Asker: 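Once you've had a glance at the structure underneath, I'll fire off some questions.
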Amino acid sequence: MDLYTISSNFLFAAFILYLIGTLFFGATIGQKRQQNIKSKSSKIAISITILGFTAHLSYFIIRWFASGHAPVSNMFEFIAFFGMMLILGFIIIYFIYRETVLGLFALPIAILIIGYGSMFPREISPLVPSLQSYWLKIHVTTAATGEAILSISFVAGLVYLIAKVDQTVRSKHTTWLEIVMFFIFATAAFIIVTTTFEAMNYQSVFTQELNESVRDIEYHLPALIEPNSSELKTEGAFSTGLEAPEWMRGDEAGSKLNTLIWSLLAGFVLYGLTRLILRKRVAAAIQPKLSRINLDKIDEIIYRSVAIGFPVFTLGALIFASIWAQEAWGRFWGWDPKEVWALVTWLFYAAFLHLRLGAGWHGEKSAWLAVIGFTIIMINLIVVNLILAGLHSYA
Amino acid sequence: MKKVKCECGHINHEGTVLCEACGKPIEENQHIDNNDKNKLLNMRYDGSARRSQTKKRTIVDKTWAFFSSVKVGVWLIALTLIAAALGTLYPQEQFKQSRLPSSQFYEQEYGITGKIFYQLGFHNLYSSWWFITLVALIGISLVICSIDRVIPLHRALKNQKPKRHEIFVKRQRFFSETEGVSDKDREMLIQNLKNRRYKVREEDGHILAEKNRFSRWGPYVNHIGLIIILVASILRMFDFMHTEDYVWVREGETKVVPTTDQQYYIKNEKFIYEVYDRNDERFQEALKNEEFDVPSNFQTNAVVYKVKEEVIPGQEPELEEVTRGEIRLNHPLKFDGYSAYQSGTQLRSEYETISFSIKNSDGQDVGDFNFKPNVDKRKYELKDGYNVVVTDYYPQFEITEEGPSSSSKFPRNPGIIFEVNGPNGHSERYFYLNEDIVALSEDQQFNVNLEDTKLITASGLTIKKDFSLPVFLVGAIIFMIGVAQGLYWHHRRVWLHPTGNKVLFAGHTNKNWYGLKNEIEQALEGTNINMVNDQQEKF
Ligand code: HEM
């Protein structure tokens, strides 16, 4: 086995361990808190999580050896690292607050994140000259660590909201919470759909004429929507015949839109089935299981993870990023979309801190802010990279 | 100024909510922090008098109060954040990568929303007056809010006495009452607190234990850092702090370094372009799918010269080498406060030499000539009395309505018309374009062949001088110190207040109550003192 394969196996092992860990964390809820600290299942759960993290770290180190550079240089590597730091953040918070219920949410979210990242090309790619700087590794790893710690506040916020939001009547709050749930389902659906068709080796090719040049476009999912002004080349392949709107001209705009539609549709199916089975809102179904948690403590975790994550994020995403940009391009700040969204994230969490301290936004309000903050982080990771691609465009 | 004297003897400033020394609420000011409606005291800024809360008469007072409000600060931050995000909807003008003028580009590319984006001026959002105003308002707010709080807070923390008023102790969030506390309990408590690095002060049996007071200054330190950064960005607008320009230097060429008052010259000795080996084991998988080679290095080997003496107009300046080195992406070359960055390349895009060989009518070789577009020489002597004269030269050849012409002065696609003259007066005309030679004269006797062409790379260098960088760096470091100080440490205090046969015990922290509770639990271990209740939960 070569190093690359070994490292990939470690990542897979981590993935499985996190799944098992989730089950054990699931077994801890509902128990009384005091028992639960000592209870066997929480001990097993955190041990498995730590083991998973060790496997994850091994993946990282071995891949570093294999490629000769820190594996944070494309979408897959970056997301895998982000997931790893999310787990690390959880482990640290666990040992401060001993809140097992957090694991029940943190682990699945990490699993989804790692799974999502694995849908991008996984080969080891060489570093283009602009990325050949040790400041890059320092910048990317610190920024991702900061984002991961900030994401813990989202995990805690989600727990808080599921436990707190009044589910007896329908309200704005229940609706928004279900929307958050839906996006979690849609991410899972994206992974399932992509993996399924990948396993089937599904491929169809379209030819597109643009500006008098003809190019081939590959689809790896059946075409619910074709690239704009294109024709199906693969005989017998499925296509609805619908076309992407004209303004979507990018190389992969059609295929990305197609993937998005697939994910949303499959997400609806998954979410719909779950609701049919549960016969109530997803959050309402989870709520009774969280009846015993100490909401004040969860609230404290929301704040604490922002308080810890904010300086780390500032250092990585703004200061180290500027130093690197200065070395690479001679300009420490250039208003490219990735930079702007780092600034937006930073301003947002600054507002979060001020609202909490100055306007007394605790509890539910803080929890909602944590959800919005995570949304901004995800926008920066996904939307900006895939759609608004600036200088930093990965993958 | 009106002063308020407390019963403990301390003289407080007008508008003080809690006596700086003993903490007793000052009756008529309780509305300021809403203490009259609350069981618990509002401990922010320790109840010290803040200008913004005290004076509300003149326009200056009102402006001051406006900018020192956190609510206003958060609004400014939120507006800036939203504006910044909006600007990424479509590319900013500098990133648009299209030859179309902006007035057409946004509409053509993105339709009606693009047109609106352009018309609102969002294509230059970050340099628009209103965006800059927003940022400036944040700056003003930062200065005012910090001054408003830091001075009074400093006074209150400096003057606080271990002996507090009973009301102050009772109305803390963490509070307990215990009867029958022995001296041993007290000693134990003090020892426990000292073990946890609390600073313990005593006065008439009253105890104040405090730790991490310095963390209270965190926000102000970080705000000062931010202010320094904003000041740096103002300084950067001036030429003495920051200049920037761009220069193309061809291989072998020496150019004046712009922005240096003609004082420096830079020579491109050689340009190196490298790509990844497709057979590299590590990257095979990834490179298999790449249509083009993946570059691994762009590098200019450069020499920097400085002009030695006063330059006499019309004369070549005398140059002295200052430094030489490799300029690569991520590795600028630095000299005397300037930095040269590898910013662009026109890879092998211009002709340095085009070599021809010529045979006469007998098939005999009469010599070669090397046409160098960038060298002024236009006449070449060959053997046996033959010569070549270049009559027309178009660096970047194109045909327009007026005939042949050149679209630039760079030899990217040279067109050359030249005459070959024999010793006996016979002359023929040829046209060279695109590695091809066309004879223009009829009845052709000579034989002209293209031997070789040599292409060179033009290297694009950004030349920067930026003395504002250290100021930014200092601001950033101060900011980080302040944030860490305020967020990783917490100011914790506990008070022990004997009264009659009882002992009152209270605790306060500016954040992380969970941590304080744990610490109090540990500090009370082995003593008879009751664990504190969280009075907030109760009320
Ligand atoms: C981008 C801009 C800003 C950043 C990054 C920033 C950062 C911070 C941070 C990290 C804290 C500490 C928060 C905590 O301990 O939880 C803080 C506190 C504070 N900030 Fe800012 N700030 C900014 C702008 C402002 C503005 C415009 C105001 C104006 C009103 C302001 C007023 C305050 C106040 C009053 C505190 C609380 C101090 C205390 O109660 O101890 N900040 N700031």
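This one's a predicted model, so the numbers in the text were calculated from it and none came from an experiment. Numbers restart at 1 for each chain; the letters A, B, ... are given by sequence-line order, proteins then strands.
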Asker: So which part of B/Asp466 gets closer than 4.5 Å to some heavy atom of chain A, the side chain, the backbone, both or neither?
Answerer: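 Answer is side chain: those atoms of B/Asp466 sit under 4.5 Å from chain A.
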
Asker: Can you tell me if A/Lys137 has over 12 outside heavy atoms packed within less than 6.0 Å of its NZ?
Answerer: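 Yes, enclosed.
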
Asker: Please classify the contact between B/Ala78 and chain A as side chain, backbone, both or neither, with a heavy-atom cut-off of under 4.5 Å.
Answerer: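 For B/Ala78, there is no contact with chain A at all, as no heavy atom is under 4.5 Å.
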
Asker: Quick one: which of B/Leu487, B/Val275, B/Asn222 has the most heavy-atom pairs under 4.5 Å with chain A, could you say?
Answerer: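 Counting heavy-atom pairs under 4.5 Å, the top option is B/Leu487.
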
Asker: Answer with side chain, backbone, both or neither: which region of A/Val306 has an atom nearer than 4.5 Å to a non-hydrogen atom of chain B?
Answerer: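 The answer is neither part of A/Val306.
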
Asker: Side chain from CB out, backbone as N, CA, C, O: work out which of these in A/Ile379 comes under 4.5 Å of a heavy atom of chain B, or both, or neither.
Answerer: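 No part of it gets close to chain B.
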
Asker: Check whether any side-chain N or O of B/Tyr276 sits under 3.5 Å from a backbone N or O of A/Ser125 as a donor-acceptor pair, and report yes or no.
Answerer: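 Checking the backbone N and O of A/Ser125 against the side chain of B/Tyr276, no donor-acceptor pair under 3.5 Å is found.
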
Asker: If you take all heavy atoms of A/Pro311 and B/Val483, which pair is closest and at what distance?
Answerer: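 Looking at all heavy atoms of both residues, the closest pair is CG-CG1, 3.7 Å.
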
Asker: Are B/Trp513 and A/Tyr303 close enough that their ring centres sit under 6.0 Å apart?
Answerer: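 No, the ring of B/Trp513 stays outside the 6.0 Å limit from the ring of A/Tyr303, centre to centre.
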
Asker: Please give me the minimum heavy-atom distance between A/Ala351 and B/Val74, naming the atom from each residue.
Answerer: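 The pair with the smallest heavy-atom distance is CB-CG1, 4.3 Å.
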
Asker: Pick one of side chain, backbone, both or neither for B/Leu287, based on which atoms fall under 4.5 Å of a heavy atom in chain A.
Answerer: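 When you check distances to chain A, only side chain atoms of B/Leu287 fall under 4.5 Å.
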
Asker: In terms of side-chain heavy atoms, does B/Thr88 have a donor or acceptor partner in A/Trp341 at a distance below 3.5 Å?
Answerer: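 Side-chain D/A pair, B/Thr88 to A/Trp341: present.
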
Asker: B/Arg44 versus chain A, heavy atoms under 4.5 Å apart: side chain, backbone, both or neither?
Answerer: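 The side chain, not the backbone.
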
Asker: So, taking the atom named CG in A/Leu343 and the one named CG in B/Leu81, what distance separates them when rounded to the nearest 0.5 Å?
Answerer: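 Reported value, rounded in 0.5 Å steps: 7.5 Å.
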
Asker: A/Phe310, A/Phe332, A/Trp135: which one forms the most heavy-atom pairs within less than 4.5 Å of chain B?
Answerer: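 Maximum pair count with chain B is reached by A/Phe332.
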
Asker: Just do the side-chain contact (heavy atoms from CB on, under 4.5 Å) check on A/Val340 and B/Tyr126 with the steps written out, would you?
Answerer: CA-CA 10 Å; A/Val340 174; B/Tyr126 306 110; 3.4 Å; yes

Asker: Write down the atom of A/Pro126, the atom of B/Val294, and the distance for their closest heavy-atom approach.
Answerer: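 Closest heavy-atom pair between A/Pro126 and B/Val294: CG-CG1, 4.1 Å.
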
Asker: Going from OG on A/Ser322 to CZ on B/Phe472, what distance comes out if it is rounded to the nearest 0.5 angstrom?
Answerer: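 It is 9.0 Å, given to the nearest 0.5 Å.
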
Asker: So for B/His242, is it side chain, backbone, both, or neither that comes closer than 4.5 Å to the heavy atoms of chain A?
Answerer: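 Contact with chain A is absent: no heavy atom of B/His242 under 4.5 Å.
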
Asker: Measure the CD1-CG distance between A/Ile319 and B/Leu473 for me, rounded to the nearest 0.5 Å.
Answerer: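 Going from the CD1 atom of A/Ile319 to the CG atom of B/Leu473 covers 8.0 Å.
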
Asker: Is any side-chain heavy atom of B/Tyr341 closer than 4.5 Å to one of A/Gln326?
Answerer: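 Yes - at least one pair of side-chain heavy atoms lies under 4.5 Å apart.
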
Asker: By a 4.5 Å heavy-atom criterion (distance strictly below it), what part of B/Leu469 contacts chain A: side chain, backbone, both, or neither?
Answerer: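 Just its side chain gets close to chain A.
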
Asker: Got a sec, which residues hit salt bridge (Lys or Arg N to Asp or Glu O under 4.0 Å) with B/Lys71, two or more places apart in sequence or on another chain?
Answerer: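 Checked B/Lys71 against salt bridge (Lys or Arg N to Asp or Glu O under 4.0 Å); zero matches.
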
Asker: To the nearest 0.5 Å, tell me how far B/Ile77 CD1 sits from A/Leu353 CG.
Answerer: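 Answer rounded to 0.5 Å: 9.5 Å.
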
Asker: Report the C-alpha distance between B/Tyr514 and A/Tyr97 in whole Å, list the side-chain angles of each, state the deciding distance to 0.1 Å, and finish with yes or no for side-chain contact (heavy atoms from CB on, under 4.5 Å).
Answerer: CA-CA 9 Å; B/Tyr514 175 83; A/Tyr97 292 96; 3.2 Å; yes

Asker: For A/Phe65, does the CZ atom sit with more than 12 other heavy atoms under 6.0 Å from it, leaving out its own atoms?
Answerer: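 No, CZ of A/Phe65 has 12 or fewer neighbouring heavy atoms, counting only those of other groups under 6.0 Å.
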
Asker: Where the side chain of B/Tyr488 meets the backbone of A/Ile308, is there a donor-acceptor pair that is under 3.5 Å apart?
Answerer: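 Yes, B/Tyr488 side chain to A/Ile308 backbone: donor-acceptor pair under 3.5 Å.
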
Asker: What is the distance from atom CG of B/Asn330 to atom CG of A/Leu136, rounded to the nearest 0.5 Å?
Answerer: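 Going from CG on B/Asn330 over to CG on A/Leu136, the span is 8.0 Å.
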
Asker: If you count heavy-atom pairs within less than 4.5 Å of chain A, which of B/Gly73, B/Gly515, B/Pro295 leads?
Answerer: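 Highest number of pairs under 4.5 Å: B/Pro295.
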
Asker: Check each atom of B/Asn297 against the heavy atoms of chain A and say whether the ones under 4.5 Å are side chain, backbone, both or neither.
Answerer: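 For B/Asn297, backbone heavy atoms alone lie under 4.5 Å from chain A.
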
Asker: Taking B/Ser296's backbone N and O only, do any of them form a donor-acceptor pair with A/Gln132's side chain (distance below 3.5 Å, no angle check)?
Answerer: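 Side chain of A/Gln132 to backbone of B/Ser296, a donor-acceptor pair under 3.5 Å: yes, one is there.
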
Asker: For B/Leu86, is it the side chain, the backbone, both or neither that has a heavy atom under 4.5 Å from a heavy atom of chain A?
Answerer: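 No part of B/Leu86 comes within 4.5 Å of chain A.
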
Asker: With only heavy atoms counted, which part of B/Gln94 is less than 4.5 Å from chain A, the side chain, the backbone, both or neither?
Answerer: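 Only the side chain of B/Gln94 comes within 4.5 Å of chain A.
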
Asker: Between B/Lys464 and A/Glu327, does at least one N-O distance fall below 4.0 Å, as a salt bridge requires?
Answerer: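 Salt bridge: no.
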
Asker: With rounding to the nearest 0.5 angstrom, report the OG to CH2 distance, B/Ser233 to A/Trp333.
Answerer: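 B/Ser233 OG to A/Trp333 CH2: 12.0 Å, rounded to 0.5 Å.
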
Asker: Enumerate the residue pairs fulfilling side-chain hydrogen bond (donor to acceptor under 3.5 Å, both in side chains) with a member in residues 306-315 of chain A, sequence neighbours excluded, ordered by first and then second residue.
Answerer: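 The answer is A/Thr314-A/Trp346.
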
